[in-house]
There are 2 protein chains.
Amino acid sequence: MGYPRLVAAAEKFSEITRTAAQTRVMDAALKLIAEHGVSGTSLQMIADAMGVTKAAVYRQFKTKEEIVIAITERELSRLEDAVEAAEAQGHELRAREILLDRMIDQAVSRRGVVSVLQFDPVIIRLQAEHEPFQRFIERLYAALLGTEAGVEARLHAAMLSSAISVAVMHPLVADIDAETLRAQLILMSRRMLDLPSGHDSRGTPKRRSAAV
Amino acid sequence: MGYPRLVAAAEKFSEITRTAAQTRVMDAALKLIAEHGVSGTSLQMIADAMGVTKAAVYRQFKTKEEIVIAITERELSRLEDAVEAAEAQGHELRAREILLDRMIDQAVSRRGVVSVLQFDPVIIRLQAEHEPFQRFIERLYAALLGTEAGVEARLHAAMLSSAISVAVMHPLVADIDAETLRAQLILMSRRMLDLPSGHDSRGTPKRRSAAV
DNA sequence: GTCTATAATTGGATAGAC
DNA sequence: GTCTATCCAATTATAGAC
């Protein structure tokens with residue numbers, strides 16, 4: 001922790017620092033991107049939302065892509081400590097619970113943001129090309145899966161992470177308050193985690209319907 | 001069926017007819033939109049993909065928005081008969097199953113397309129503004145929910161429809177073949193439908209794990 | 001950090017010939 | 001149905017003054 005920081009490479013997203021001016025750009029951009037998508041959000045729109053000119057925005061970030069990268073880094077950093085906690089956990093099932101609870105927290109408290117970052121075509125391409133993003137997402141999936149790698153386990157994980165981030169935005173739940181939503185999602189995810197998968201745990205079925 | 005058709009209003013999406021040239025535009029546009037989103041797809045890209053000029057594309061559709069509307073109509077029409085069958089069904093649970101199976105079919109057989117149309121900001125706005133889309137989607141939700149309207153039921157429906165359309169695109173299941181995916185999704189949706197919801201059916205629990 | 005001004009390109013859309 | 005040619009607005013991005 002004491003050695004001089006390299007300029008180009010931060011090992012953790014949470015260690016990346018931004019100036020106040022940059023953060024203001026990121027806040028304005030995120031809000032617009034959540035509504036219009038990356039391609040549908042222009043620098044002019046961002047500048048207008050901030051009450052400055054385009055040139056002022058370009059002073060903070062050299063390109064539009066850099067803004068998107070900065071936003072993505074910031075969002076992923078919100079899951080970083082949860083992933084690390086999960087990786088450090090000896091008990092695999094408990095590790096998954098830690099991670100899922102945090103993912104639910106994020107999805108509920110930031111309704112809309114998570115799903116945009118997960119489904120916007122530009123960000124998807126960015127995540128595939130930008131190595132730090134790739135590495136982190138792989139860690140996330142690994143922690144979510146644990147040692148299971150079968151078809152069923154992967155589908156459960158895929159459905160869960162999808163359902164969580166998207167369901168919170170669904171018209172059918174638009175009127176449900178955050179607390180109820182969070183509680184119900186945790187309940188549902190526990191149920192799905194505990195579903196018999198027919199090939200994994202010769203372990204105790206003690207947790208079946210424990211959350212119910 | 002015999003009376004002269006009104007120009008402006010088709011009652012059913014499946015009754016809308018398109019010329020071969022229009023269909024070629026729609027095919028090219030859908031492919032590009034599925035990858036880049038609506039805002040990220042230009043008329044030039046569509047024309048290039050077809051091997052024609054922009055002007056030729058504009059001959060088939062007056063605006064870019066009309067292309068997006070046509071594509072959306074075509075996709076929704078694929079669920080139209082399933083919604084009607086569900087609405088005609090006396091048995092509510094059976095109705096939901098019919099609809100869900102079709103939604104799973106669509107999501108699996110057209111991996112990627114469904115989720116784009118469901119999450120692209122431009123299409124979301126379009127669906128909110130275009131009345132025929134609104135009406136159909138409301139019918140879809142109604143059939144999916146049946147007579148239940150509680151928090152839990154709505155969240156189940158939201159999670160299911162979300163999870164289905166998104167999970168099929170998830171990196172974790174990228175290598176799973178269509179048939180396995182379909183079978184597993186049907187299994188999962190049955191399980192979720194049959195979960196005890198604590199307030200609905202004083203009905204027979206006969207169907208619990210029937211699909212397993 | 002912010003501005004004005006502008007370059008260079010691409011976007012959606014139309015006119016008119018074949 | 002397709003083309004060339006064009007219009008105009010909006011886009012990303014930069015230069016240089018304050």
Side-chain angles (χ1 to χ4, degrees), chain A residues 16-74 116 120-126 129-130, chain B residues 16-74 116-117 120-127 129-130:
Chain A
I16 299 171
T17 56
R18 299 290 179 186
T19 66
Q22 285 180 319
T23 302
R24 282 197 319 271
V25 172
M26 289 161 66
D27 290 340
L30 180 56
K31 205 168 178 177
L32 287 164
I33 287 173
E35 193 176 340
H36 306 285
V38 175
S39 294
T41 302
S42 71
L43 282 165
Q44 188 63 64
M45 292 163 74
I46 297 171
D48 288 348
M50 297 174 67
V52 298
T53 60
K54 276 188 295 181
V57 177
Y58 272 107
R59 184 114 287 243
Q60 307 306 326
F61 293 96
K62 271 201 283 284
T63 64
K64 183 182 173 181
E65 182 159 298
E66 276 188 29
I67 299 176
V68 179
I69 289 176
I71 290 173
T72 308
E73 285 171 345
R74 189 172 59 171
V116 180
D120 188 284
V122 176
I123 296 185
I124 289 175
R125 182 180 50 73
L126 212 72
E129 288 169 2
H130 203 67
Chain B
I16 299 171
T17 55
R18 299 290 178 185
T19 65
Q22 284 180 319
T23 302
R24 275 187 338 258
V25 172
M26 290 162 66
D27 290 341
L30 180 56
K31 204 167 177 176
L32 288 164
I33 287 173
E35 193 176 338
H36 304 105
V38 174
S39 293
T41 302
S42 70
L43 266 294
Q44 188 63 63
M45 290 163 75
I46 297 172
D48 288 348
M50 297 175 66
V52 298
T53 62
K54 273 193 294 182
V57 177
Y58 272 108
R59 186 111 285 244
Q60 306 308 325
F61 292 97
K62 273 202 281 285
T63 65
K64 183 183 174 181
E65 182 161 299
E66 277 187 28
I67 299 177
V68 179
I69 290 176
I71 290 171
T72 308
E73 284 170 345
R74 190 172 60 170
V116 179
L117 295 190
D120 187 283
V122 175
I123 297 186
I124 288 174
R125 182 181 49 72
L126 211 72
Q127 286 179 349
E129 289 170 0
H130 203 67

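Residue numbers start from 1 in every chain, and the chains themselves are labelled A, B, ... in the order their sequence lines are given, proteins ahead of strands. Given the structure is predicted, the values throughout are model-derived calculations rather than measurements.
The backbone N or O of A/Thr19 sits less than 3.5 Å from a side-chain atom of A/Gln22, completing a donor-acceptor pair. Proximity of a side-chain donor or acceptor of A/Asp120 to a complementary backbone N or O of A/Gly37 within less than 3.5 Å is not detected.
If you take OG1 on B/Thr23 and CZ on B/Arg18, they are separated by 8.5 Å, rounding to the nearest 0.5 Å.
Checked against salt bridge (charged side-chain N to carboxylate O under 4.0 Å, His left out), A/Asp27 has the following partners two or more places apart in sequence or in another chain: A/Arg74. Residues meeting the salt bridge (charged side-chain N to carboxylate O under 4.0 Å, His left out) test with B/Arg59, sequence neighbours left out: none. In this structure, the salt bridge (charged side-chain N to carboxylate O under 4.0 Å, His left out) partners of B/Arg125, at least two apart in sequence or on a different chain, are B/Glu129. With sequence neighbours excluded, the residues satisfying ring-ring contact (aromatic ring centres under 6.0 Å, His included) with B/His130 are B/Phe133.
C/dT14 atom P lies 10 Å from atom CD of B/Glu66, rounded to whole Å. The interatomic distance linking B/Phe61 (CZ) with C/dT14 (C1') rounds to 18 Å, in whole Å.
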Revision key, fill the gap. Letter by letter from the 5' end, nucleotides 2-18 of chain D scores (B base, S sugar-phosphate only, - none; protein heavy atoms under 4.0 Å) BBB------SBBBB---
Review point. What pattern of brackets, bars and dots sums up DNA chain D from 5' to 3', given Watson-Crick or G-U wobble pairs under 3.5 Å, [ ] for crossing pairs and | for another strand?
Key: ||||||||||||||||||
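Nearest heavy atom pair, residue A/Ser39 against residue A/Val122, reads OG-CG2, 3.5 Å.
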